[in-house]
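Below is one structure, written out as structure tokens; comments come after it.
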There are 2 protein chains.
Amino acid sequence: MIELDKIDLKILSVLQQDGRLSNLELAEAINLSPSPTLRRLKRLEQEGVIGRYVALLEPAKIGLGLEAFVRVMLDKRERQFATFAEAVQAWPEVVSCHAMAGEMDYLLRVVFEDLAHFSRFVMDTLLPHPGVVDVKSSFVLQAIKQTTALPLAHLVGGRS
Amino acid sequence: MIELDKIDLKILSVLQQDGRLSNLELAEAINLSPSPTLRRLKRLEQEGVIGRYVALLEPAKIGLGLEAFVRVMLDKRERQFATFAEAVQAWPEVVSCHAMAGEMDYLLRVVFEDLAHFSRFVMDTLLPHPGVVDVKSSFVLQAIKQTTALPLAHLVGGRS
DNA sequence: AGCTTATTGGCATTTTATGCCAATGCTGCG
DNA sequence: CGCAGCATTGGCATAAAATGCCAATAAGCT
């Protein structure tokens with residue numbers, strides 16, 4: 001694993017909150033001058049610790065007020081795992097898809113405008129897909145927490 | 001809802017992929033000159049369509065190779081919803097928490113280093129929390145899709 | 001303590017952001 | 001069909017930020 005000292009962790013922590021800080025602002029936030037800050041940042045990007053930067057949109061502002069988790073069961077006899085994985089990439093309302101241990105099914109997180117939209121997605125897209133034998137939907141009542149920030153606490157003490 | 005024309009959607013689409021593009025690069029990507037590009041961007045930020053920018057870290061690179069979904073059931077008689085919601089904010093390994101319809105339970109997504117870490121989280125943190133009566137964990141075998149990009153297709157045709 | 005190596009801070013240069021204004025394109029109406 | 005009025009754009013000048021370089025500093029090792 002890559003060596004990360006306290007300064008690196010501070011950089012990561014700050015950028016997980018605001019990925020668009022200028023180098024100057026970042027430098028100030030972590031209490032270091034701009035040049036070494038930039039060098040460290042580049043290294044973190046280079047090493048792949050920072051995978052990417054993204055803008056997060058406000059779902060409600062673009063008419064995506066609803067959200068659901070959908071468990072998808074595939075027929076294990078048909079070998080449709082790959083095509084399903086591929087299809088999932090192409091469905092934009094699917095925000096995440098995880099293969100789960102145990103039941104060997106898939107858990108999708110889906111965002112949508114309204115129930116009609118969701119219904120269309122399930123009826124016209126998901127269920128007709130080859131290998132899909134069953135889906136179980138659970139609607140989100142409330143997002144209590146939703147972050148892209150990963151914990152870093154377990155890394156303190158790695159260096160310096 | 002805010003009016004978004006095709007150019008706005010292109011901006012959003014591009015920034016959902018790379019939130020750190022310079023205004024110049026963004027302008028080039030959407031085929032518009034820098035000044036109106038910046039003006040539109042500021043408006044989108046102003047209006048809250050773009051909520052924030054973040055750096056996404058690579059979990060594997062910081063020793064967070066494992067992930068699970070945990071269903072938490074609270075005792076409905078105790079009124080612990082608020083304290084639970086609060087506690088969840090403070091637990092860094094909980095990346096998301098949603099109140100689900102139906103069973104009225106909570107679905108957490110949790111990232112961790114290894115099973116020992118997860119075990120500690122469940123045993124020492126989650127289960128002892130007031131009101132928690134049961135938890136059911138499902139481990140992630142594979143992340144098939146994981147995006148922060150929301151669909152925009154439903155907005156085309158809103159203007160211009 | 002003294003030597004070696006890694007890291008920092010500050011400066012000069014290049015690149016980018018940003019505010020402003022004239023030019024262009026669109027809309028609606030006569 | 002053309003013209004007035006409004007909204008949006010493109011380009012330019014200025015301010016701010018990024019970036020590469022080098023001497024100075026700090027940290028690690030014996």
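Letters A, B, ... mirror the listed sequences (proteins, then strands); counts begin at 1. Remember, predicted model here, so these are calculated numbers, not experimental data.
Put simply, CG on A/Leu24 is 16 Å from P on C/dT16, counting in whole angstrom units. Atom C1' of nucleotide D/dT9 and atom NZ of B/Lys6 are separated by 18 Å, given to the nearest angstrom. Computed from coordinates, the A/Leu21 CG to D/dA18 C1' distance equals 15 Å when rounded to whole Å. Per the geometry, CD belonging to A/Glu3 stands 13 Å off P belonging to D/dG28, to the nearest Å. Put simply, CG on A/Leu26 is 9 Å from P on D/dA18, counting in whole angstrom units. What separates CG of B/Asn23 from C1' of D/dT9 is a distance of 14 Å, to the nearest Å. The interatomic distance linking A/Asp5 (CG) with D/dA27 (P) rounds to 12 Å, in whole Å. One atom, NZ of B/Lys10, and another, P of D/dT9, lie 12 Å apart when rounded to the nearest Å.
Grouping Ile, Leu, Val, Met, Phe, Trp and Tyr by side-chain contacts under 4.5 Å, direct or through others, puts A/Met73 with A/Val133. Hydrophobic side-chain contacts under 4.5 Å tie A/Leu107 into a cluster, directly or through other members, with A/Phe69, A/Met100, A/Val140, B/Phe69, B/Met100, B/Leu107, B/Val140. Under a 4.5 Å side-chain heavy-atom criterion applied to ILVMFWY residues, the cluster that includes A/Leu56 comprises A/Val54, B/Val54, B/Leu56 as well.
Of the residues in residues 40-47 of chain B, those placing a heavy atom less than 4.0 Å from an atom of DNA chain C are B/Lys42, in numerical order. For the segment residues 30-39 of chain B, the set of residues with a heavy atom within less than 4.0 Å of an atom of DNA chain D comprises B/Leu32, B/Ser33, B/Ser35, B/Pro36, B/Arg39, in numerical order.
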Please tabulate, one pair per line, all N/O donor-acceptor pairs under 3.5 Å involving side-chain atoms of residues 8-15 of chain B, not counting sequence neighbours.
from: B/Asp8; atom 1: OD1; to: B/Arg40; atom 2: NH1; distance (Å): 3.0
from: B/Asp8; atom 1: OD2; to: B/Asp5; atom 2: N; distance (Å): 3.1
from: B/Asp8; atom 1: OD2; to: B/Arg43; atom 2: NH1; distance (Å): 3.3

Donor-acceptor contacts, no H, no angles, side chain residues 19-27 of chain A, under 3.5 Å, sequence neighbours left out:
from: A/Arg20; atom 1: NE; to: B/Gly19; atom 2: O; distance (Å): 3.0
from: A/Arg20; atom 1: NH2; to: B/Leu21; atom 2: O; distance (Å): 2.5
from: A/Ser22; atom 1: OG; to: A/Leu24; atom 2: N; distance (Å): 3.4
from: A/Ser22; atom 1: OG; to: A/Glu25; atom 2: N; distance (Å): 3.1
from: A/Ser22; atom 1: OG; to: A/Glu25; atom 2: OE1; distance (Å): 3.2
from: A/Asn23; atom 1: OD1; to: A/Leu38; atom 2: N; distance (Å): 3.4
from: A/Asn23; atom 1: ND2; to: A/Pro34; atom 2: O; distance (Å): 3.0
from: A/Glu25; atom 1: OE1; to: A/Ser22; atom 2: N; distance (Å): 2.7

Identify all side-chain donor-acceptor contacts of residues 44-51 of chain B below 3.5 Å with residues at least two apart in sequence or on another chain.
from: B/Glu45; atom 1: OE2; to: B/Tyr53; atom 2: OH; distance (Å): 2.6

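Using cut-offs of 30° and 60° for the angle between ring planes, the B/His129 and B/Phe84 rings count as perpendicular.
Residues satisfying the side chain to side chain contact (heavy atoms under 4.5 Å, CB included) criterion with B/Gln16, sequence neighbours excluded, are A/Leu57, B/Ala149, B/Leu150, B/Leu152. Take B/Phe121 and apply the ring pair (Phe, Tyr, Trp, His ring centres under 6.0 Å) test, not counting sequence neighbours, and it matches B/Trp91.
Evaluation of the salt bridge (charged side-chain N to carboxylate O under 4.0 Å, His left out) test over residues 62-76 of chain B, restricted to residues two or more places apart or in two chains, returns B/Glu67-B/Arg109, B/Arg71-B/Asp105, B/Asp75-B/Arg77.
Axis angle across the helix from C/dA1-D/dT30 to C/dG30-D/dC1, with five pairs used at each end and values rounded to 10°: 40°.
For B/Gln146, the CD atom sits in a packed shell: over 12 heavy atoms of surrounding residues, nucleotides or ligands are nearer than 6.0 Å.
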